[in-house]
Amino acid sequence: MQTAADAGDAAARLAAVPAGHRVALVDPRFVGHVHALRLGLTDPRFPAAAVPGALTAQPEARGALMRALRRATAAVGAGAPVAGPDADAPPEDRTVPGRIAVALEAEGTAVKRPELGSLTAAVPTNAGARAAAESARDQVDDEAVRLRSAVKAHDGFFTTYGISPYSRYIARWCARRGLTPNQVTTASLITALIAAGAAATGTRGGYVAAGILLLVSFVLDCTDGQLARYSLQYSTMGAWLDATFDRAKEYAYYAGLAIGAVRGGDDVWTLALGAMVLQACRHVVDFSFNEANHDAVANTSPTAALSDKLDSVGWTVWARRMIVLPIGERWAMIAVLTALTTPRVVFYALLVGCSLAACYTTAGRLLRSLTRKARRTDRAARALADLADSGPLAQGVAAVAPGLRGGFTAPVAALLGTLVMIGAALFLPYGSWLTVAAAAVYALLSGLAVARPLKGALDWLVPPFFRAGEYVTILVLAARSDVPHAVPAAFGLVSAVAYHHYDTVYRIRGGTGAPPQWLVRTIGGHEGRTALVAVLAAVLTHTSGFTTALTALAAAVALVVLVESIRFWVSSSAPAVHDEGELA
């Protein structure tokens, strides 16, 4: 920390800092909470950020900072108020940091201004203002605000009242001992894997231990995000771990339950895979709808207005959050039922609960889409096309086919293709080459669905239909094969493909776009993988070779996807994607 005599001296001192370092300017008259400065000066996610009286710049924004500071040197002293044409500006913009922040924004560099809530950050210009600022600072407990803001906004009922009241203190304990969010995330994963191993024993004691350990894993899962927000330790690796480990934990636990059930004489692998497919399809509905409307123009909807009105009534907020069975409620239900009942009951409850939640959320999104007046942007259409995961077959059809006209033709084509594919897998004789023909029709209709930009009111349904078409087809063909271990092999294949789809979502959320096209082409796209599984079922009918082929396909997809995903998420171009906490 260095004190500059004037703006020129500040520019010289900043120029001497090595290029790869973050720098900050703080007005010497600053009065406020330490956590206000922490929010403004230490969050690694933004190139530049400011609070009243303080400004920070990451290496990528330092050039703009230096240019703005040099321009201001002749007019402003070290923190002196700016007179003249800026006299009507807010007080925080009449200091060196404030003036530079305005100049950065004028030059095109975004400056993040975090919400401070009850925290104080001020630059008083006289004794009375200083006394008032110090009084406001002393009336608010900085640490209490920091703990409260560590909790994620809009969590579920169970997480809000059953976990967060104490997990935030665990997060503070971890921070004071130098633990990182990534370490806590890894501990959560290890705990969940141990829980899956306990469930795999197939004993009552193992099931009780599994339920308890699953809840401990969830507490740690909440703690890692709270630790990141408490200590502002956001990172690209953390974004990747947070985005993928939840699914890995849940799917590993499903597998553990299925193995335990088999040891007890009850084969529930089909139910386990069905629960995973349903949950993955629910998520892609959420992702697609949100991406389609992320930046919609003139976005209005009476249904959305009704939803906002319901959220203004206390009990309806929690009822609506519980109905959708978020991860907290879902894991609590799984843990309790594991300890008290059997794996079959756990999966039945999951299938029923997630089905009702899917119907509720999808119906609401359909009503919003049909009643809102909005124009989808090119970015939204690109995101939906990426989420569709179209491979060479569908892309080839899309390249030569004319775009279908009509507002609902894309989702209708996708739905029709999905119904043809799933219907063939369900009702045609197992191993029939007619199922392969149905896969060809599915590929054709998939290409027609994406032949034009996905900007229609219901085009966000296209990716969920494709996910259902692929996942359910794999499930049905494996279940109907009557080949030992075919369903567990299919479980592995769907897990690998689902990882690819979640990876795509989080790359899009981070603003870096979808995985490279060579990856999508290499693993075939949704229609290519579906057609391949149909061919394998026809060629290897009722033989152990079908299990071997599914296992090999799962391993190949997992290897290619994981290698590329790890390469991306540890690279400098990866985004830091984290949920925000409550406003302070």
Side-chain angles (χ1 to χ4, degrees), residues 1-116 119-127 129-130 133-134 137 142 231-236 572-573 576:
M1 182 176 181
Q2 302 181 38
T3 301
D6 53 35
D9 185 28
R13 291 175 182 270
L14 290 178
V17 178
H21 288 66
R22 173 203 291 267
V23 295
L25 287 171
V26 181
D27 192 290
R29 299 166 299 171
F30 176 85
V31 174
H33 290 98
V34 173
H35 192 53
L37 279 179
R38 188 182 291 113
L39 289 172
L41 302 183
T42 66
D43 194 324
R45 295 173 295 174
F46 311 106
V51 294
L55 168 72
T56 185
Q58 296 269 40
E60 59 266 34
R62 281 187 54 181
L65 169 65
M66 295 303 298
R67 291 191 296 272
L69 188 55
R70 291 189 182 104
R71 287 195 299 268
T73 298
V76 184
V82 178
D86 294 324
D88 294 332
E92 60 267 22
D93 289 346
R94 288 187 274 128
T95 64
V96 170
R99 182 182 179 94
I100 301 305
V102 172
L104 287 176
E105 291 175 320
E107 189 175 320
T109 299
V111 178
K112 174 66 177 180
R113 300 177 186 271
E115 295 283 350
L116 298 181
L119 295 174
T120 296
V123 182
T125 57
N126 55 60
R130 172 170 286 276
E134 290 175 345
R137 179 194 62 194
D142 179 88
S231 57
L232 298 178
Q233 295 184 74
Y234 303 114
S235 67
T236 55
S572 59
S573 60

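We're numbering straight along the sequence, starting at 1.
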Apply side chain to side chain contact (heavy atoms under 4.5 Å, CB included) to Ala129 and list each qualifying residue two or more places apart in sequence or on a separate chain.
-> Pro124, Asn126
Who passes side chain to side chain contact (heavy atoms under 4.5 Å, CB included) against Pro44, sequence neighbours left out?
-> Arg22, Gln58, Tyr234
Donor-acceptor pairs under 3.5 angstrom involving side-chain atoms of residues 100-108: please list them, not counting sequence neighbours.
| residue | atom | partner | partner atom | Å |
| --- | --- | --- | --- | --- |
| Glu105 | OE1 | Arg113 | NH2 | 3.1 |
| Glu107 | OE1 | Arg71 | NH2 | 3.4 |
| Glu107 | OE2 | Arg67 | NE | 3.0 |
| Glu107 | OE2 | Arg67 | NH2 | 2.4 |

Exercise: identify the closest heavy-atom pair between [X] and [Y]:
X: Ala36; Y: Thr120; result: CB-O, 3.7 Å
X: Gly53; Y: Val123; result: CA-CG2, 3.3 Å
X: Leu65; Y: Ala57; result: CD2-CB, 3.8 Å
X: Ala49; Y: Gly40; result: CB-O, 3.3 Å
X: Val17; Y: Arg62; result: O-NH2, 3.0 Å
X: Pro114; Y: Val51; result: CG-CG1, 3.9 Å

Stepwise side chain to side chain contact (heavy atoms under 4.5 Å, CB included) check, Leu39 with Leu119 | CA-CA 10 Å; Leu39 289 172; Leu119 295 174; 3.9 Å; yes
Side chain to side chain, Pro52 and Leu116, heavy atoms closer than 4.5 Å | yes
Close side-chain approach of Lys112 and Asp43, heavy atoms under 4.5 Å = no
Across all chains, not counting sequence neighbours, the side-chain hydrogen bond (donor to acceptor under 3.5 Å, both in side chains) partners of Arg137 are none
Sequence neighbours excluded, the answer for side-chain hydrogen bond (donor to acceptor under 3.5 Å, both in side chains) partners of Thr109 is none
Could you check whether any side-chain N or O of [X] sits under 3.5 Å from a backbone N or O of [Y], counting only pairs where one atom can act as donor and the other as acceptor?
X: Asp142; Y: His35; answer: yes
X: Thr56; Y: Val23; answer: yes
X: Arg29; Y: Arg130; answer: no

Can you tell me how far the CG atom of Leu55 sits from the CG atom of Asp27, to the nearest 0.5 Å?
-> 11.5 Å
